[in-house]
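In the text below, chain A, chain B and the rest are named by the order of the sequence lines, each starting its count at 1.
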Amino acid sequence: MTRIAYFLKRAFLHLARSLTVTGVTVGTVAVVFLLLSVFALVGYNLSLLADRLGEGLRLNVFLADDCDASARDAIRKRLEESSKVSSVVYISRAEALEKFKKRLGARAVVLDGLQNPVPASLQATFISTERNPASIGELAQKVVNLPGVEDVQYGQAWLDKFFRFVGTSRMLGLVIGILVVLAAGVIISNTIRLSVFARREEIQILKLVGATDGFIKAPFYIEGILLGLLGAAIGTLIAWAAFIFLVSNVFVSAGLATVRMGISFLPLPAVGAIVLTGGFLGALGTVSSLWRYMKV
Amino acid sequence: MIQMYHVHMSYGQDSPALTDVTMRVEKAEFAFLMGPSGAGKTSLLRLLFLAERCDSGQVLLFGKNVARIRESEVPFLRRRIGIVFQDFKLLPSRTVRENVGMVFEVMGKPRREAIRKTNESLRLVGLEHKASSYPLKLSGGEQQRVAIARAIVNDPPILLADEPTGNLDPDLSREIFDLLSEVNARGVTVMVATHDTDTVGRSQKRVIQLEHGRIVAGGLREQ
């Protein structure tokens, strides 16, 4: 315990002694993590939106008027066979008409005296991971030509495009995120390298009086981890502050108050993961610079 | 205490730094290592504090062959050897007391013991009153005394000094040699590399003579 306290003390002393380098490093890492947080934030909210839109996604298989019970059962069986489907509900013509009337409200009178115009249908709901146009479309293709099927419907073309956009954004975000994280690692690694270089004489003397490699390296690791954690925490904090400012001022004054309802900041575990990534990168950067500069 | 048998050592492709070196220094003995620049004095000392490894032969410290010990054992062996250099090797950003006490930080010794031993060591070299000063505020002779205080603070059985008076004028040199003799009188085996012939001549101590990497005189006591 006293050892850890000693290492912490040394690390803090070193950081405090080279305040400018420490400040520049933390600042740069913070900018990198601000970028990362913004990407994560956009990606997260796109995913939230996709989920919300996905919840309403169902496959409606409209049945022809001449579809008999056996044909209907065959279609139902085909739907239920799919591992993507969580449930299948049959809506008879009468039930569909009732729903339709409800939706029309007072205007339902237009239907009076008419023959029931709405078809019966089988409505398939999907498990959460499969609520996307691609999965649903695939199943739709399988049932559309079955006897007794008049038509299939599952969302609009724009939804398909939106989901494709979310998919591309996720990929792009991942690639940029990895690059940004690598950049942070290199920045921290360079700072530690500077720190090792500035203290090469001290390292040499410590080795001569019998310090183990672990004893010499420990404060550098702590420094690296602290730089990473601090930079990441500040970057995420700025992202959060900017987010709060945007939703409470800009969106509201622009009359986009409704937008506010749907979007939210990254959940706490994600923020924690981002900050810990900073610490992890700090340790990684330290490994790479000590590995090359410790030979004394 | 210190033994070398048929030790050969070279730096890469260059001509050998040490050739067939055999020597023995007994416990509590004081030996000078003499020779012109480039004779191999520093190389020999570097072998002893394990900054270098020999190509062949045996190096025995405290009766143990250290020529092939594992890298992880080196720090623990160095804690039993005090080392003094020509350029003092003090940390300018730490006070005299911190420079000397650093040895105990490295060893993880309790603070109380570290303070007591540090003060004791500084008293021995006559610098207790400068404990809070920074090395660069001290004269060269004082800085070297701090380095000696650091080298002996944890009572190592062996003290090695590489040209400890190289940067000092004759009066101060004598002072440093007297101090090293005093350390030796306490039972520490002392080995000093130097080309200060005046001091060596006056001291009447044993001299091991090196030339072109070979011991030409004084390697074994019987000689």
Side-chain angles (χ1 to χ4, degrees), chain A residues 1-23 25 191-223 226-227 286-296, chain B residues 45-46 48-52 70-85 87-94 98-114 117-118 121 135-136 143 146-156 158-162:
Chain A
M1 192 60 215
T2 45
R3 274 263 125 145
I4 295 170
Y6 171 80
F7 291 143
L8 276 171
K9 189 183 122 193
R10 288 246 70 90
F12 274 113
L13 261 176
H14 292 150
L15 288 176
R17 240 175 234 164
S18 45
L19 216 53
T20 319
V21 177
T22 303
T25 306
T191 306
I192 297 296
R193 206 166 295 171
L194 269 180
S195 181
V196 173
F197 186 73
R199 299 212 298 273
R200 62 198 183 285
E201 204 188 349
E202 181 181 336
I203 293 172
Q204 192 194 11
I205 294 171
L206 283 170
K207 285 202 125 186
L208 288 174
V209 299
T212 57
D213 278 4
F215 179 89
I216 295 171
K217 285 177 181 174
F220 287 108
Y221 274 107
I222 295 175
E223 271 177 65
L226 281 177
L227 288 173
T286 310
V287 175
S288 76
S289 35
L290 285 181
W291 179 63
R292 258 190 275 180
Y293 287 81
M294 267 304 275
K295 209 87 192 115
V296 274
Chain B
L45 289 184
R46 286 177 69 80
L48 291 180
F49 63 80
L50 295 142
E52 305 289 346
R70 274 178 291 143
E71 206 57 46
S72 58
E73 289 179 61
V74 171
F76 301 96
L77 205 81
R78 282 193 185 144
R79 294 176 191 181
R80 301 174 67 192
I81 304 170
I83 316 167
V84 177
F85 294 93
D87 59 354
F88 322 133
K89 296 212 186 297
L90 300 174
L91 284 174
S93 59
R94 301 205 198 177
E98 287 168 342
N99 266 285
V100 176
M102 195 164 77
V103 176
F104 295 107
E105 283 180 9
V106 163
M107 293 167 72
K109 284 276 160 85
R111 239 179 100 78
R112 192 182 292 243
E113 186 190 342
K117 295 286 287 179
T118 301
S121 192
L136 295 180
Q143 288 187 53
V146 175
I148 293 173
R150 182 184 64 196
I152 60 168
V153 72
N154 59 330
D155 303 317
I158 295 176
L159 177 67
L160 304 174
D162 191 6

* Asked: Measuring heavy-atom distances to chain A, does B:R94 have an atom under 4.5 Å in its side chain, in its backbone, in both, or in neither?
  -> side chain
* **B:R80 portion near chain A, given a 4.5 angstrom heavy-atom threshold** => neither
* Asked: Quick one: what part of B:L90 sits under 4.5 Å from any heavy atom of chain A, side chain, backbone, both or neither?
  -> backbone
* Asked: Can you name the nearest heavy-atom pair linking A:L208 to B:F85, along with the distance?
  -> CD1-CE1, 3.3 Å
* Of the backbone (N, CA, C, O) and the side chain (C-beta and beyond), which part of A:R10 lies under 4.5 Å from a heavy atom of chain B, both, or neither? -> side chain
* Answer yes or no: are there more than 12 heavy-atom neighbours, outside A:R17 itself, under 6.0 Å from its atom CZ? => yes
* To do: Would you give the length of the straight line joining atom OG of B:S93 to atom NE2 of A:H14, rounded to the nearest 0.5 angstrom?
  => 7.5 Å
* Asked: Taking all non-hydrogen atoms of both residues, which atom of A:R3 and which atom of B:V106 are closest, and how far apart?
  -> NH2-O, 3.3 Å
* Looking at A:K207 and B:R78, what are the two nearest heavy atoms and their distance? -> O-NH1, 3.0 Å
* Side chain to side chain, B:M102 and A:I205, heavy atoms closer than 4.5 Å -> yes
